[in-house]
Structures are given as structure tokens and as C-alpha cells.
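Sequence positions, counted from 1, serve as the residue numbers for this chain.
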Amino acid sequence: MDLKEVQSVAREKMKGYCRVCPVCNGVACAGEVPGMGGSLTGSSFKINVEDLNKVKLKLKTIHDAKNPNLNFKFFDTNLDFPVITAPITGSVFNMGGALTEREYVDSAVNGSISSGTIAMIGDSADLTMYEEGINILKEVNGKGVPIIKPRENPSVIQNVKKAEKINPIAVGMDIDGAGLVTMALKGQPVGPKTIEELKEIVSSTNLPFILKGIMTPEEAKLAVEIGAKAIVVSNHGGRILDHTQSTARVLPEIKEAVDGQIMILVDGGIRSGVDVFKMLALGADGVLIGRPIVIGAFGGYKEGVSLVLNNMKNELYQAMILTGCKDLASIDRSKISVEW
């Protein structure tokens with residue numbers, strides 16, 4: 001099995017939902033939500049990819065970084081490289097249903113672990129999907145992170161308590177899901193949170209809390225204030241609000257605002273290990289990968305997911321060698337140029 005074979009199989013299984021384009025840039029699937037596309041014009045999906053393409057690496061080969069160390073400390077867990085599978089649900093209504101929800105999540109979780117990293121599991125309008133993810137994480141001794149939609153606080157805290165029973169690495173909320181069409185269509189209320197509401201949720205657990213969907217320095221500072229231990233700079237893959245800024249563009253100013261106070265993760269448009277390098281250089285501690293994982297799962301189940309992740313790991317390793325970076329801490333703005 002290779003990536004071309006995985007993509008070919010996924011293209012057939014996801015027909016009508018994802019074209020598995022040669023370049024996954026949001027052009028062909030613009031407006032396809034539900035589905036795999038970006039909201040309305042697809043601008044927010046497309047800009048994630050476009051802006052990341054404007055970041056260029058500086059080639060360097062006179063140095064001693066011959067065997068880079070990719071190890072990433074994620075709270076109390078050591079990962080082989082700084083890439084985590086993003087929380088994605090909705091195999092039937094977003095991806096065509098060739099895989100059941102359990103098959104998709106099982107592929108994502110176990111394919112990630114076999115590659116030396118972990119997956120986040122998601123929440124959905126279908127209440128059973130979160131519980132399915134929890135059950136799969138229980139099978140791997142909690143080696144993952146449940147992420148909960150911004151439902152009303154009692155429901156969120158109830159789902160946090162379900163997560164605590166499997167002793168995961170952390171728990172979190174994708175607050176950027178506040179306006180999800182798919183949730184609204186299924187009659188599941190989600191919405192923004194006040195500082196007080198977030199403090200109540202964070203204080204309800206001893207697990208590290210991750211707040212996903214931060215796109216401004218101001219809200220990054222608020223994440224620190226409420227007691228979150230990590231943020232994910234994310235516009236939800238461009239699926240919730242048209243014409244947002246890209247994650248790559250806002251990442252440096254968010255880094256400047258909260259550097260050293262909270263772990264910074266990022267997603268959006270990351271398609272290769274070189275893209276991972278770019279995001280780390282722009283200020284991220286680690287990255288989340290979404291759509292490429294879906295292709296891997298539909299094209300080759302857990303082996304396909306592992307193939308996608310291992311390929312990214314190898315590309316990141318090569319990029320570090322050819323830019324003179326012996327470890328993740330060596331990847332900084334001095335290793336890139338930015339053309340915006």
C-alpha cells in the first residue's frame with residue numbers, strides 16, 4: 001500500500017463527498033457543508049492553504065543537524081513527532097458513510113498510535129458519536145483526547161465526566177464549533193461561551209483543558225485567564241465562517257501574546273511534513289491534521305492513517321536536516337521567509 005493507492009481507494013469510497021483532489025485546497029468543494037468543503041465561498045478553507053504556501057524554508061546544509069530529534073512532549077505524554085490527529089466526526093453525513101463512525105474513529109486512533117502519536121476524538125449532533133469515541137479511547141487505555149462541542153454547560157460537564165472515566169491525556173472543547181450548520185440541522189444547540197462559563201467547565205476537571213478555535217491574541221489571553229493548558233489556533237478548517245483569516249497568518253501574533261504561558265497547537269491547510277515545519281517556525285508547539293487523516297482512513301483504514309502520518313514524519317525529518325534544525329526548539333522564524 002502506498003499513498004497513491006490510498007488516495008485512489010478513498011476517491012471511490014467518498015464519491016459525492018470528497019474528490020480527493022491532487023491538491024487539497026478547498027477549491028472544488030467550496031460551499032459543501034455538510035461534506036468536506038469550506039463554508040459558502042470556501043474562502044476560509046482556501047486561505048489556510050494559500051497563506052501556508054507563502055511561507056518558504058531557508059535551505060542550509062553546513063551544520064551538524066544530521067539526525068534531528070522530533071520528540072514532542074504533550075503534557076505528560078511523549079510523542080514521536082509534533083503531529084496529532086484532529087477530532088473529526090460525521091462519517092455518514094460528511095464523508096459518505098463507506099466507513100461507519102466506529103470504523104473511522106478506530107482507524108484514526110489506532111493508526112495514530114502505531115505512528116507514535118495520538119488522536120483527538122470529536123463530538124457531534126449525533127450524541128452516540130462522542131460515546132463511540134470514548135469507548136475506542138478506553139480500549140487504548142485513554143491514549144488520546146476527547147474534544148466536546150460548545151453545548152450548554154451542564155451537557156459539556158457531563159461529557160467531561162464521561163471522559164474522566166477513561167483517564168485520557170487531556171480533554172477539551174472546540175469552541176469554534178459554536179455555529180456549526182450540521183449541529184443546527186440536527187437540533188443540537190451550540191454557541192459561544194462567556195469567560196464565566198468557560199471557567200466553570202475548566203474548574204470541573206483536573207485534566208488539562210484544551211480550547212480549540214482561537215484566532216486572535218485577545219482570545220488567546222482569555223484562554224490563559226480561564227485556566228486552559230493549551231489552545232488550538234483554528235478556524236475549524238474553514239467550515240464555520242466565510243472570509244476568516246488563515247491560521248498561519250494569525251499564529252505569529254498569538255504566539256507573541258501568550259508565549260510561554262500556554263501550549264500552542266494549530267491546524268488548517270497542513271498537508272505535508274514541510275507544512276508542519278512551517279507552522280512550528282511560525283510559533284506553534286505542535287499541529288493537528290484533519291482532512292489528510294480522513295483520506296488515509298477511507299483509503300486504507302488504520303494502515304492508511306499510519307501511512308499518512310509516517311510520511312509527514314519523514315518529510316518533517318528531512319526538512320529539519322535541510323534547514324539545520326537538530327530538534328523542535330531549533331525551528332523558529334529564522335528558518336523561514338514569509339511572502340505576505
Side-chain angles (χ1 to χ4, degrees), residues 33 38-39 44-45 48 84-90 120-125 127 129-130 133 145-163 168-184 186 188-205 207-247 250-251 253-255 257-258 261-268 284-288 290:
V33 181
S39 175
S44 298
F45 180 167
N48 279 344
I84 294 170
T85 291
I88 296 177
T89 56
M120 295 181 174
I121 61 105
D123 187 11
S124 170
L127 299 174
M129 292 182 182
Y130 176 76
V145 179
I147 301 292
I148 302 161
K149 287 285 182 287
R151 305 171 181 276
E152 295 177 352
N153 268 28
S155 297
V156 173
I157 293 171
Q158 184 179 28
N159 281 339
V160 169
K161 296 307 174 186
K162 290 178 183 177
I169 297 168
V171 69
M173 172 189 291
D174 51 344
I175 197 168
D176 51 350
L180 272 178
V181 174
T182 49
M183 295 289 289
K186 298 290 184 177
Q188 296 292 323
V190 291
K193 293 291 181 185
T194 66
I195 294 173
E196 291 73 22
E197 287 171 327
L198 287 172
K199 285 181 176 179
E200 180 186 20
I201 293 167
V202 172
S203 65
S204 74
T205 182
L207 291 169
F209 193 85
I210 300 169
L211 196 58
K212 176 180 175 293
I214 300 300
M215 287 291 289
T216 65
E218 294 79 15
E219 292 209 327
K221 291 177 181 177
L222 291 177
V224 174
E225 179 183 335
I226 65 148
K229 299 303 180 185
I231 57 172
V232 183
V233 178
S234 176
N235 62 12
H236 213 90
R239 293 172 58 75
I240 53 168
L241 179 63
D242 204 11
H243 295 289
T244 65
Q245 294 176 287
S246 72
T247 55
V250 303
L251 178 57
E253 60 183 4
I254 289 175
K255 168 76 169 181
V258 295
Q261 301 175 63
I262 195 168
M263 184 188 299
I264 302 173
L265 307 174
V266 65
D267 66 16
D285 297 305
V287 309
L288 271 56

Quick one about Asn235 and Ser44 (side-chain donor to acceptor, distance below 3.5 Å, no hydrogens or angles considered), yes or no?
no
Say whether Asn159 and Lys149, considering side chains only, have a donor N or O and an acceptor N or O under 3.5 Å apart.
no
Quick check against the 3.5 Å criterion: does Thr89 have a side-chain atom that pairs as donor or acceptor with the backbone of Met129?
no
Val232/Val266 under side chain to side chain contact (heavy atoms under 4.5 Å, CB included): CA gap, chis, key distance, verdict:
CA-CA 5 Å; Val232 183; Val266 65; 5.7 Å; no
What pair of heavy atoms forms the shortest contact from Gly268 to Thr247, and how long is it?
O-OG1, 3.7 Å
Tell me whether Lys229 at atom NZ has more than 12 heavy atoms from other residues, nucleotides or ligands lying less than 6.0 Å away.
no
Side chains of Thr216 and Ile254: closer than 4.5 Å at any heavy-atom pair?
no
So which heavy atom on Ile210 is nearest to which on Ala170, and how close?
CD1-CB, 4.0 Å
What closest approach, in Å, do Gly237 and Phe45 show between heavy atoms, and which atom pair accounts for it?
O-CB, 3.7 Å
Is there side-chain contact between Asp174 and His236, with heavy atoms separated by less than 4.5 Å?
yes
Shortest non-hydrogen pair, Pro168 vs Ala163, comes out as CD-O, 3.0 Å
Donor-acceptor contact below 3.5 Å, side chain Lys161 vs main chain Val156:
no
Side chains of Lys212 and Ile175: does their closest heavy-atom pair fall under 4.5 Å?
no
So which atom in Met173 and which in Ile147 form the shortest heavy-atom distance, rounded to 0.1 Å?
C-CG2, 3.8 Å
Do side-chain atoms of Asp123 reach the backbone of Tyr130 as a donor and acceptor pair under 3.5 angstrom?
no
Quick one: are Val233 and Leu265 in side-chain contact, heavy atoms under 4.5 Å?
no
Tell me, do Arg239 and Ser39 make a side-chain contact under 4.5 Å, heavy atoms counted?
no
What I'd like to find out is whether the side chain of Val287 reaches to under 4.5 Å of the side chain of Asp267, using heavy atoms alone.
no
Do Glu197 and Asn153 have a side chain donor and acceptor closer than 3.5 Å?
no
Using a 4.5 Å cut-off on heavy atoms from C-beta on, say whether the side chain of Leu211 contacts that of Ile226.
yes
Taken to the nearest 0.5 Å, the spacing of Asn48 CG from Gln245 CD works out to 11.0 Å
If every non-hydrogen atom of Pro192 is compared with every non-hydrogen atom of Ala178, which pair is closest and at what distance?
N-CB, 3.7 Å
If you round to the nearest 0.5 Å, how far is CD of Glu219 from CD1 of Ile195?
9.0 Å
Are Leu222 and Glu225 packed together at the side-chain level, in the sense that at least one heavy-atom pair is separated by less than 4.5 angstrom?
yes
Does any donor atom in the side chain of Ser234 or Asp176 lie under 3.5 Å from an acceptor atom in the other side chain?
yes
How far apart are the C-alpha atoms of Ile231 and Met263, what are their side-chain angles, what is the distance that settles it, and do they pass the side chain to side chain contact (heavy atoms under 4.5 Å, CB included) test?
CA-CA 6 Å; Ile231 57 172; Met263 184 188 299; over 6 Å; no
Sub-3.5 Å donor-acceptor pair from the side chain of Ser203 to the main-chain atoms of Lys199, do we have one?
yes
Spatial distance of atom CE (Met215) from atom OG (Ser246) [nearest 0.5 Å]
6.5 Å
